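Given the structure is predicted, the values throughout are model-derived calculations rather than measurements. For the numbers below, each heavy atom of this structure counts, side chains included, while hydrogens, waters and symmetry mates do not.
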Amino acid sequence: MKSKFQVDKNGYYGQFGGAFIPELLYPNVKELEDNYLKIMESEEFQKEFKYLLKDYVGRPTPLYLAKRLSEKYGAHIYLKREDLNHTGAHKVNNTIGQILIAKHLGKKRIIAETGAGQHGVATATVCALMNLECVVFMGEVDIKRQAPNVARMKMLGAKVVPAISGSKTLKDATNEAIRDWIGNPEDTYYLIGSVVGPHPYPDMVARLQSVISKEIRAQLLEQTGQEKPDSVIACVGGGSNAAGAFYHFLDDEDVELIAVEAAGLGVYSGESAATSVLGEVGVLHGSKTILMQDEYGQVIEPYSLSAGLDYPGIGPLHAFLNESKRAVFMNATDQEALDAAYELTRIEGIIPALESAHALAVLPKLDFKKNQVVVVNLSGRGDKDLETYIKNLK
Amino acid sequence: MNSLKELFKNKDKNLCSVFFTAGFPQLNDTVSIIKSLEVNGIDFIEVGLPYSDPLADGPTIQHSSEVALNNGINLDIIFDQLIAVKDEVKTPLVLMGYLNQVLKYGEERFCEQCVACGIETVILPDLPMLEYENHYKKLFAKYGISNVFLITPQTSEERIRKIDALTETFIYVVASASITGAKGEISQDQITYFERIKAMNLKSALIVGFGISNKTTFDTVCKYVNGAIIGSAFIKFLESNGVEKIDEFTDGILK
C-alpha cells in the first residue's frame with residue numbers, strides 16, 4: 001500500500017501541494033514532472049548520485065551520540081552531523097541531485113533562490129563542478145547580512161542578482177527566480193532549495209534529502225541494535241532538512257517527529273516565523289500550504305534572527321504532517337536558539353548553524369522517558385553565524 | 001449573456017483593453033480611471049488586484065501594486081469602488097488577481113462580490129487548468145463568472161484546444177514567454193506564433209497581452225488577433241501624468 005505521506009498523482013499531500021503555476025511555467029514544470037522519477041530511478045543517476053555524495057560531499061555523515069548533552073537532558077541524544085557535509089549543510093544533498101537531473105534534461109543554465117546563502121553556495125558549488133552557468137537570486141537585505149556567502153558564490157563563479165521587490169528577502173528572491181524562469185523557459189533549470197514550490201519539487205527535494213533518514217536508520221541499527229529512534233527533531237523553515245530527517249520514519253508512527261519553527265522575538269510578538277501557529281491555508285510559490293498572510297491574503301514577511309528560517313510558508317508535506325498530527329510542531333525564539341547554540345558549543349565542541357540551534361532549543365522543553373533515543377538533525381555548521389554569535393555572546 | 005461575449009459579437013477587430021492597478025497612483029483613482037477609459041473608447045478594462053507576491057508581473061506592475069498596497073487598498077475597498085460605478089459604466093470589467101487573494105477572501109464571498117459589482121470575467125494567472133476543472137469551473141458557473149486562461153508560445157496545440165473548450169470569452173495570448181512589460185516591439189517569431197494560433201480557428205476571441213506598449217505594437221498584433229491588452233505602458237503613463245491626461249494615452253493608441 002502506498003504511504004499516505006507520499007504525494008498523490010496530482011502532487012498533493014492531503015489538501016496541500018499541487019502546482020499553482022501560471023500557464024507560462026506549465027511546460028517547464030510538466031517536463032520535470034514527467035521525468036524526475038524516471039531519471040532518479042535510473043541506474044545511471046543512482047550511480048552518479050551515490051558516488052558524488054560519498055566522495056565529493058563526504059557522506060555518510062556521522063551519527064554521533066552526544067554524551068554530555070545526553071547526560072544533561074536525561075536521554076540518549078544523537079546528532080546527525082549534516083554540518084560536516086561539503087559546503088557545511090544538508091543543502092548540498094539536494095543540489096547534487098537536482099544538478100544531475102538538470103543535466104539529464106539537457107539544461108544549460110541554472111537559477112536558484114537563496115535566503116541565508118547556504119542553498120546559493122550549494123548551488124554555485126555544483127554548477128562549478130558541472131561547468132554550468134549559475135544565477136542566484138538573493139534579497140537585497142540578505143545580501144547585506146550574509147556577505148561571506150555572497151562572496152563565496154561569486155568566487156564559485158555564480159552571478160548573484162539582488163531581489164529588490166517586496167521585502168527584499170527570501171520570498172522575493174523566490175519570486176524573482178520564478179520570473180526569470182518564466183522569461184527563460186527553454187534552457188533554464190530552476191533549482192529550488194527546499195521542499196516548497198509546485199509539484200514535483202516538494203517530492204523531488206524530499207526524496208533527495210531522504211538520504212539523511214536512510215543513514216540514520218542504518219547507523220542507529222549499527223550503534224544500538226534498533227533502527228528506529230523514539231524521536232527525531234529537526235528545524236523547519238521551508239523544511240528540507242526536516243523532510244530528509246523524517247522521510248524514512250513517516251510510516252513508523254511510533255517514531256515521534258518534532259518540527260521546530262523559528263519564533264523570533266516570541267510567537268505572538270509580531271516578529272516571528274512560526275507558520276504552523278500563525279499561518280492559514282493559502283497558495284505560495286506554486287503550492288497550497290499554510291502561510292503567514294493578512295486578512296486579504298497578502299503574504300506577511302516573517303522574522304527570525306536566522307536567515308534560513310524566515311520563510312512565510314512551510315512545504316506542503318509539513319503542512320500535511322501538521323494537520324494530520326503526524327508531526328509535533330514546536331518553536332524556539334531567537335534567544336532560545338542562541339542559548340542552545342552556546343550550550344552545544346561548550347559541552348560538545350560543535351558550533352551549530354543558528355537554524356539547527358532551533359532544533360536543539362526544544363530539548364529543555366521535552367520530557368524524556370528513561371533511555372529515550374532522540375536524534376537531532378544538526379543541519380548545518382555555524383561558521384556563517386559567527387558574527388551573530390559573537391555579537392550576542394554575553 | 002456575458003457582456004464581453006456580447007462585445008465580441010459586435011466587434012471582433014482592434015479590440016483595445018487597458019489594465020490598471022486598483023489603488024494606484026492614489027487610493028481612490030479607481031473610479032476616475034475606469035470612467036476616463038470608457039469615455040476614451042477603451043473596449044474593456046482589466047482591474048488589477050494588488051498582491052504582495054505578483055509572480056507573473058514585471059517590475060512596473062509590481063511597483064504599482066506595492067504603491068497601491070501602501071496606499072491602503074484592499075479587496076473590500078476595491079469592491080466598494082466598483083459598486084459605486086456599476087450603474088454608470090457600461091464597459092466590461094475584468095478582475096485580474098492571484099488565487100491566494102480569492103482563497104483568503106473566501107471563494108463564495110469573492111464570487112458574490114463580483115456579481116454585486118457586475119464582474120463577469122476574472123483572470124487568475126496562478127489558477128491552473130487542472131484546479132479549474134476540478135473545482136472552480138463549477139463554482140464560477142454558479143455565479144455566472146467566466147475564467148480567462150493564458151497561453152504562451154510554449155503551450156501545446158492539444159492544451160490550447162482544451163483551453164479553448166473551457167473558455168467562454170477570450171484567451172489571453174501571452175505575446176512572448178516573458179514577464180509583462182519586458183519587450184518593446186513585435187518580432188517575426190511572435191508574428192509566426194500569432195498566425196499559428198489564428199490558424200487553429202478557435203471559438204474564443206484572441207487577445208494579446210504582455211509587451212503591447214504603443215500604437216505600433218497594438219496595430220501590429222491586431223492584424224493577427226482580435227485585440228490587445230496594454231498594461232505596463234499605461235501604469236508608467238499614470239505614474240508620470242496622473243489620471244487627468246488619460247485621453248492623451250488612449251488617443252496615442254487609438255488615433
How close do [X] and [Y] get, heavy atom to heavy atom, and via which atoms?
X      : Y      : result
A:A19  : B:P128 : O-CG, 3.1 Å
B:T155 : A:E23  : CG2-OE2, 3.7 Å
B:N100 : A:G282 : OD1-CA, 3.0 Å
B:K104 : A:G297 : CG-N, 3.4 Å

Practice task
Give a yes or no on this: more than 12 heavy atoms of other residues, nucleotides or ligands lie within 6.0 Å of atom NZ of B:K138.
Solution key: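 Incorrect, the count does not exceed 12.
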
Measuring from atom [atom1] of [X] to atom [atom2] of [Y], what distance do you get when rounded to the nearest 0.5 angstrom?
X      : Y      : atom1 : atom2 : value
A:L284 : B:L55  : CG    : CG    : 8.5 Å
B:D76  : A:E295 : CG    : CD    : 7.0 Å
B:Q154 : A:I182 : CD    : CD1   : 11.5 Å
B:I151 : A:L24  : CD1   : CG    : 10.5 Å

Side chain from CB out, backbone as N, CA, C, O: work out which of these in [X] comes under 4.5 Å of a heavy atom of chain A, or both, or neither.
X      : value
B:L75  : both
B:L130 : side chain
B:L150 : both
B:Q101 : both
B:P50  : backbone
B:I163 : side chain

Practice task
Could you go through the side chain to side chain contact (heavy atoms under 4.5 Å, CB included) check for A:D294 and B:N74 one step at a time?
Solution key: CA-CA 11 Å; A:D294 73 8; B:N74 63 45; over 6 Å; no

Handout entry: B:L69 side chain reached by A:Y296 side chain, heavy atoms, under 4.5 Å
Key =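 A:Y296 does not reach B:L69 side chain to side chain.
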
Can you tell which part of [X] gets under 4.5 Å to a heavy atom of chain B, answering side chain, backbone, both or neither?
X      : result
A:N28  : neither
A:Y26  : side chain
A:I178 : side chain
A:E280 : side chain
A:E186 : side chain
A:I300 : neither

Practice task
Test side chain to side chain contact (heavy atoms under 4.5 Å, CB included) on B:Q62 and A:R179 and set out the steps.
Solution key: CA-CA 12 Å; B:Q62 282 174 48; A:R179 288 183 189 118; 3.0 Å; yes

Handout entry: Heavy-atom pair count under 4.5 Å with chain A, highest-scoring of B:F149, B:Y98, B:Y105, B:Y51
Key =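 Maximum pair count with chain A is reached by B:Y51.
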
Problem - B:D126 (side chain) donor-acceptor with A:F20 (main chain) under 3.5 angstrom - result: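 No; judged by distance alone, with no hydrogens or angles, the pair does not exist.
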
Practice task
Using atom types as modelled and distance alone, determine if a side-chain donor or acceptor of B:S52 lies under 3.5 Å from a backbone N or O of A:V299.
Solution key: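 Indeed, once roles are kept as given, a pair shorter than 3.5 Å links the two residues.
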
